[in-house]
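What follows is a set of notes on a single structure, which appears directly below.
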Amino acid sequence: MRRRTRLASVTALVAATALAGCSGARDVAKSGEASASTSTSSTSSTDSPTTGTNRGLPAGFGDGPPGQGLDRFYHQDVTWQECGGGDECADIWVPLDYSDPNGQAVTLKARRAPAGDPAKRRGTLFINPGGPGASGIDYLGYANFDQSITDAYDLVGFDPRGVASSTPVDCVSDADLDAYVASDPSPDTPAEVKDFADTWSQFTSGCEQNSGPLLAHVSTVEVARDLDVMRALVSDDKLNYFGASYGTYIGATYAGLFPKNVDRMVLDGAIDPLAKPLTLELNQTKGFQTALTAYLQYCVSQGSCPLGNTVDSAQQRLIALFKDLDAHPLATSSGRDLTEGLAFYGVILPLYSRSSWDVETQALQQALQGGGDTLLLLADAYSMRKPDGSYPINSLEVQPAVNCLDHPESETTGQIEAGAAKFLQASPVFGPAATWFPYGCSNWPVRATEPPPDFSAKGAAPIVVVGTTRDPATPYQQAVNLSHELDSGVLLSRAGDGHTAYGQGNSCIDQAVDSYLVDGTPPRDGTRC
């Protein structure tokens with residue numbers, strides 16, 4: 001039986017709460033994920049393996065395993081221990097800096113679900129749900145893989161370096177993160193621009209202070225190198241991998257670095273690794289606009305859309321709502337105000353899944369009537385904030401840390417303001433906030449130490465790239481591009497709405513992926529479902 005994705009579960013919880021009468025945002029569109037975790041806190045310590053010392057560094061650092069060079073990591077002793085539900089967990093050392101493998105090390109946490117049928121077992125399938133910042137360990141608990149896959153593979157979910165229970169990036173306190181998330185995402189006066197810059201400066205200063213040397217070493221290239229260490233430690237000669245959303249960037253990077261080590265790889269909801277940062281930001285803004293238009297068409301077709309009777313009037317009313325919230329945030333029963341920044345998160349979240357559109361309608365209807373509770377609940381589901389004010393996973397802090405190493409920018413405030421028209425053209429609704437996406441990585445305090453690989457990955461086995469035609473977070477054209485950039489790329493397309501394709505109710509997609517991972521036969525290039 002296929003289980004629902006965590007996004008669907010979160011949205012169902014929100015819907016149930018709302019029906020029961022339940023009386024910032026610069027990196028949200030880059031994240032590509034909305035999972036909820038209970039694994040760790042962005043301000044909690046990470047337990048290190050027993051080997052090594054911390055030397056006063058943030059939690060999770062140590063000397064690493066005995067030996068010299070990279071060999072000591074590829075041949076370290078790893079103990080897998082039972083950790084509930086028949087799963088096994090392990091701590092794994094990887095170099096902080098691959099150019100200095102005899103230096104400091106950091107820890108990764110991994111969780112393994114053994115293959116259901118040892119007679120059919122063909123190795124390990126590593127999985128990652130995206131983000132950057134989503135927990136692969138949590139993904140193991142809600143990933144909706146067919147039994148034919150879980151019988152054939154040990155499934156291993158891991159928290160990449162910097163994420164959740166692995167040695168974590170940490171930037172600000174939970175209270176300061178609340179303020180960051182709620183801050184104005186679309187400054188349109190000199191005073192608002194100054195507040196915007198001050199908020200970001202406080203955030204980045206906290207990242208430098210609290211994350212230490214890790215901050216410069218959470219690039220996707222380093223995550224992919226970690227993945228090869230883990231491949232060796234489970235005794236697989238080649239890597240089997242399923243990555244969703246940002247997880248596709250990890251997979252494509254791995255293939256570029258280690259093309260001959262690729263066995264079976266599925267990249268679902270693909271990111272184009274060769275696109276320029278501004279192109280990615282504009283295309284993603286267009287992607288969310290496409291998803292919003294599809295939602296508004298649905299809302300209007302129901303006959304009682306609270307936003308209006310036509311798509312155009314509904315869009316204009318939503319624009320007006322954001323402007324109203326910028327000037328006058330809505331009170332909520334929690335005591336927190338629903339700001340424009342929080343509403344931005346709340347409106348974005350249901351666009352990831354068509355099954356969430358009725359929740360979107362309910363939240364917007366309530367907001368138009370002066371109540372912000374449901375949009376706030378959706379915003380909290382996106383950021384994974386708990387009712388007690390804690391953030392059990394550090395995804396909002398990891399997102400810029402990874403994105404800005406992978407895609408550095410150098411836009412000045414003047415250039416950003418001059419480019420606003422492009423973002424408004426891409427999306428009249430989300431454009432005012434998206435205009436400022438380039439600011440974060442143009443003012444990031446560190447740069448990557450590892451160059452990107454050759455993404456053609458010549459010599460790799462067939463790699464299946466999956467795209468959804470109206471995917472808001474990773475627009476379909478990115479999957480098309482990646483399938484062409486990879487020398488062995490095979491494009492599999494889903495015509496539909498929502499983020500990613502596998503396990504979303506399309507049997508054609510699911511059967512193609514299952515057959516490839518189990519039997520090794522990729523779908524015909526260009527297959528459309």
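Source: prediction; values computed, not measured.
- Using a 4.5 Å cut-off on side-chain heavy atoms (C-beta onward), Leu378 and Tyr345 make no contact.
- Residues satisfying the side-chain contact (heavy atoms from CB on, under 4.5 Å) criterion with Val518, sequence neighbours excluded, are Ser148, Ile149.
- Residues forming a salt bridge (Lys or Arg N to Asp or Glu O under 4.0 Å) with Asp236 (at least two apart in sequence, or on another chain): none.
- Two residues are said to be in side-chain contact when any heavy atoms from C-beta on lie closer than 4.5 Å; Tyr476 and Asp471 fail this criterion.
- Side-chain polar atoms of Ser135 and Asp159 form a donor-acceptor pair below 3.5 angstrom.
- Distance check, rounded to the nearest 0.5 Å: OG of Ser166 to CZ of Arg161 gives 9.5 Å.
- Every side-chain contact (heavy atoms from CB on, under 4.5 Å) that Ala90 has, sequence neighbours left out, goes to Val78, Trp80.
- Residues forming a salt bridge (Lys or Arg N to Asp or Glu O under 4.0 Å) with Asp151 (at least two apart in sequence, or on another chain): none.
- Applying the ring-ring contact (aromatic ring centres under 6.0 Å, His included) test to every pair with at least one member in residues 256-281, sequence neighbours left out, gives these pairs: Tyr254-Phe258.
- In this structure, Asn240 CG and Tyr153 OH are separated by 4.0 Å, a value rounded to the nearest 0.5 Å.
- Ring pair His407/Tyr249 is perpendicular by interplanar angle, where above 60° counts as perpendicular and below 30° as parallel.
- Screening residues 203-215 for salt bridge (Lys or Arg N to Asp or Glu O under 4.0 Å) gives no qualifying pairs among residues at least two apart or on separate chains.
- Residues satisfying the ring pair (Phe, Tyr, Trp, His ring centres under 6.0 Å) criterion with Phe158, sequence neighbours excluded, are absent altogether.
- With sequence neighbours left out, the side-chain contact (heavy atoms from CB on, under 4.5 Å) criterion links Ala401 to Val169, Leu215, Val218, Trp444.
- In this structure, CG on Leu342 lies 9.0 Å from CZ on Arg385, to the nearest 0.5 angstrom.
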Notebook entry, point to check: Can you check salt bridge (Lys or Arg N to Asp or Glu O under 4.0 Å) on Asp87 and Arg112, steps first, answer last?
Noted result: CA-CA 6 Å; Asp87 292 351; Arg112 177 169 66 188; over 6 Å; no

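- Side chains of Lys458 and Pro259 form no contact here, defined as non-hydrogen atoms less than 4.5 Å apart.
- Separating the CD atom in Glu222 from the CG atom in Asp97 is a distance of 6.5 Å, to the nearest 0.5 Å.
- At a threshold of 4.5 Å between non-hydrogen side-chain atoms, the residues Val466 and Leu267 do not count as touching.
- Defined by atom type and a distance below 3.5 Å, a donor-acceptor pair is present between the side-chain atoms of Asp178 and Tyr391.
- Ring orientation note: the planes of Tyr180 and Phe203 are close to parallel, at an angle under 30° on the 30°/60° scale.
- Put simply, the side chain of Ser205 never gets that close to the backbone of Gln202: no donor and acceptor are under 3.5 Å apart.
- Remark: side-chain polar atoms of Ser356 are not paired, donor with acceptor, to backbone N or O of Tyr352 under 3.5 angstrom.
- Minimum heavy-atom separation, Ser165 to Ile137: OG-CD1, 3.6 Å.
- With no hydrogens or angles considered, a side-chain donor-acceptor pair links Thr468 and Arg494 at under 3.5 Å.
- Using a 3.5 Å distance cut-off with no hydrogens or angles, the side chains of Thr167 and Thr107 do pair a donor with an acceptor.
- Residue pairs meeting the disulfide bond (SG atoms under 2.5 Å apart) criterion with at least one partner in residues 60-159, sequence neighbours excluded, are Cys83-Cys89.
- To the nearest 0.5 Å, atom CD1 of residue Ile271 and atom OG of residue Ser245 are 5.0 Å apart.
- Note: Phe288 and His499 fail the aromatic proximity criterion, with ring centroids not under 6.0 Å apart.
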Checklist line | Glu397/Val172 under side-chain contact (heavy atoms from CB on, under 4.5 Å): CA gap, chis, key distance, verdict | finding: CA-CA 8 Å; Glu397 295 164 305; Val172 294; 4.0 Å; yes

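- Asp100 CG: more than 12 foreign heavy atoms inside a 6.0 Å radius.
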Notebook entry, point to check: Going through the distances and angles, do Asp176 and Ser173 end up as a side-chain contact (heavy atoms from CB on, under 4.5 Å)?
Noted result: CA-CA 5 Å; Asp176 286 339; Ser173 68; 3.4 Å; yes

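- By the 4.5 Å heavy-atom criterion applied to side chains, Ser483 and Val490 are not counted as neighbours.
- Between the side chain of Asp510 and the main chain of Gly503, a donor-acceptor pair closer than 3.5 Å is present.
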Expected list for residues 123-132: side-chain donor-acceptor pairs under 3.5 angstrom, two or more places apart:
{"unit_1": "Asn128", "atom_1": "OD1", "unit_2": "Gly130", "atom_2": "N", "d": "2.8"}

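- Ala164 and Asn394 get closest at one heavy-atom pair: N-OD1, 2.9 Å.
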Next item on the list: Give the intermediate values and the outcome of side-chain contact (heavy atoms from CB on, under 4.5 Å) for residues Thr253 and Thr220.
Entry: CA-CA 7 Å; Thr253 303; Thr220 302; 3.6 Å; yes

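- Here the side chain of Gln504 pairs no donor or acceptor atom with the backbone of Ala501 at under 3.5 angstrom.
- Side-chain contact between Glu450 and Arg225 is present, with heavy atoms from C-beta onward closer than 4.5 Å.
- Listed by first and then second residue, the side chain to side chain donor-acceptor pair (under 3.5 Å) pairs involving residues 264-275 are Asp272-Asn481 (not counting sequence neighbours).
- The residues Asp228 and Arg231 are annotated as salt-bridged, a charged nitrogen and a carboxylate oxygen being separated by less than 4.0 angstrom.
- Contact annotation: the side chain of Pro160 never approaches that of Tyr246 to less than 4.5 Å [non-hydrogen atoms, C-beta and beyond].
- Partner Tyr98 forms a side chain to side chain contact (heavy atoms under 4.5 Å, CB included) with one of Val221, Thr449, Asp226 and no other, that one being Asp226.
- With sequence neighbours excluded, the residues satisfying side-chain contact (heavy atoms from CB on, under 4.5 Å) with Thr527 are Leu492, Pro523, Arg524, Cys529.
- For the atom pair Leu233 CG and Leu108 CG, the distance stands at 10.0 Å (nearest 0.5 Å).
- Side-chain contact between Pro438 and Glu281 is present, with at least one heavy-atom pair separated by less than 4.5 Å.
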